[in-house]
Amino acid sequence: MTDGLLAAVGRGDPLALTVAPDGALTVASDAASAEVEIDDVARIEATIGPRWVWWSAASVAPVLEVVPVARAWDLAAVHRLVHGGWRAEPAVVWARSHGLDPDTVPVLRPPDLFDLGPAPADLVEPVGPDGHLRPEWTAGEWAATPARRARWAAAALDVAARQRDAVDSLAAIHPQALATARAESTAEVLCVELGAGGLPIDVAVAETIIGGIVGARPRSTAEADAQRAERDAAVLRHAPPGRTDLRNPAQVRSLLRRVGVEVDDTRAWRLEQLRDVHPVVEALLAWRRIERTATTYGYGWLDEHVRDGRLRGSWTGSDGAAGRMTASAGLHSMPADLRPAVVAEPGHVFVRADLGQIEPRVLAAVSGDRSLAAATRTDDMYAPVASQLGVDRPTAKVAVLGAMYGQTTGHGAQALRRLDAAYPVAMGYLRDADEAGQVGRSIRTYGGRLIRFGSTNANEVSERDARSRAAAMGRYGRNAMIQGAAAELFKRWAVTVRARLAGDGIPASIVLCLHDELLVHAPLDAAGAVAAIVADGLQQAAAGWAPDDSVRFVADLSVVPRWSDAK
DNA sequence: TCGGTCACGTA
DNA sequence: CGTACGTGACCGAG
């Protein structure tokens, strides 16, 4: 059945895959296409090992949840890499890869009594006379018949080839571009797997922690309301009489004014300074913490996102800015208080590792600063930087971070000047990014990701406004180059670990990616092997990623039964 | 019902 | 006046 289809497809060669809403699977090579079953996909993966091409990992999730695909070319992910931004639906991806303006993508008009739309004959072709994908196709008509599904898969192959050319062109200046495209694609696979697998949670422990903060689980809405009122009363007791809605910042501000506390806003860090001024401040801060747990990380959160002992959210491989992974369901912002509830299943442990001082090390690598690279040879690179600058370690750290983040306040100016003298290459790299941001000139990360700057807003209220906007864009540019490159390295690490676990047949899986931290759920007896893979995987990923071996990357690794046991 | 603002958890 | 994300409550416009 698939003989002609696969005749010329070898390991790593592109092979398109689509999944129709009704579950029909279509596979297409340059030569032919076929409707297949999921077992066929698994067999092709095992015997040939092609580079699977799809419009997006989410669009083939039913396959990815079953078949652990090794090689991928994710059109949406590569599109985001090459063209920046976040929108990456097929119509936009097609447009960009064909040199068309995405703003001219046709939209599907609602059915109109007097306009029956295109004749059915027109819908045979996926591409309209304007060169864009037909909106009827992108809206779902692509899946209507086997013939259309085949055309849709062929269109994906067409885009993949064009993207490959674009990536190859990029490689002249960004040698990592192709590797980045592949790693970002595989990271999308990992995202589907993370979403399906979830993070192991001991619900009983979680309930105990939440109960200790907000009280017992209410058994009715009346009880919930009473709990809420009691929380509020604990604050309002300290306030002058009169109704105040604690959930309304304006009213909180006026309450504070009535007790003699003047603030521009009521953010916690500001109120921290005023704890001693009036008892209501302390009560309010305590209320905020409890209210946060109750509303965002409380029983409702557990009920909504935890099933079968797993906390599940949806993952994206790349945000719209610098390219970090994102996750919903609070997976990336779970309060430290709740982490003791992240417990490995019986007979399992977590192998947990986080990258040490990743951003300054990445800066040393991507800028090619030999002096800063030399500092990365030590476990704590701020120590040699401090002695180089002739300042103490805390000052050196603040100076380096300030340079990377564009800090403008504080008294780091002196150290910043010394930084310029000691590490001119690294500082120049950051300054270039800052200037690009200020003038709205798009830039690319080390790995080739385009950082877009929207056209600067011409109608600023004032010169001062325009200046602060430009400064903000400058900081954004600095940060994006570092954060983005760090995200690229992190994903290389993650997909390397994933591949080696699969290659060694170890039934362990990555269950959390947290920007610079990797959490792997592993059978107890495989913990040592997994730890070795995680540690060595970093060296392997870094060796493939970095321009040379001058920068040392380090990970802090631990094997623990619960997440909070580490660190 | 929606987008904007404030606020806050994480890296 | 470090950036980024997701979430939830509230506001005011529609």
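The structure displayed is predicted, hence computed values, not measured ones. These values consider heavy atoms only, across backbone and side chains, with no hydrogens, waters or symmetry-generated copies. To find a chain, count down the sequence lines: A is the first, B the second, and so on, and within it residues start at 1.
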Side chains of [X] and [Y]: donor-acceptor distance under 3.5 Å anywhere?
X: A/Gln388; Y: A/Tyr423; value: no
X: A/Arg243; Y: A/Gln251; value: no
X: A/Asp319; Y: A/Trp86; value: no
X: A/Arg288; Y: A/Thr266; value: yes
X: A/Glu193; Y: A/Ser509; value: no
X: A/Ser367; Y: A/Tyr446; value: no

Between [X] ([atom1]) and [N] ([atom2]), how many Å, whole number?
X: A/Glu291; N: C/dG8; atom1: CD; atom2: P; result: 12 Å
X: A/Asp225; N: C/dA9; atom1: CG; atom2: P; result: 13 Å
X: A/Asp434; N: C/dG2; atom1: CG; atom2: C1'; result: 12 Å

Is the phosphate of [N], meaning OP1 or OP2, less than 4.0 Å from a side-chain N or O of [X]?
X: A/Asn248; N: B/dC6; answer: no
X: A/Thr266; N: B/dC6; answer: no
X: A/Arg475; N: C/dT3; answer: yes
X: A/Arg267; N: B/dA7; answer: yes

Identify the residue among A/Lys491, A/Arg449, A/Arg80 that makes a side-chain hydrogen bond (donor to acceptor under 3.5 Å, both in side chains) with A/Ser318.
A/Arg449

Closest to the 5' end of DNA chain C, once A/His515 and A/Ser468 are matched to their nearest nucleotides, is A/Ser468

If the plane angle is over 60° it's perpendicular, under 30° parallel, otherwise tilted; pick one for A/Trp545 and A/Phe553.
perpendicular

Pairwise P distance for C/dC1 and B/dT5, with rounding to whole Å:
15 Å

Please write out each protein N/O paired with an N/O of nucleotides 12-14 of chain C under 3.5 Å, distance rounded to 0.1 Å.
none

Residues from residues 319-335 of chain A sitting under 4.0 Å of DNA chain B, heavy atoms only?
A/Arg324, A/His332, A/Ser333, A/Met334, A/Pro335

So A/Val497 and A/Leu538, do their side chains get closer than 4.5 Å, heavy atoms only?
no

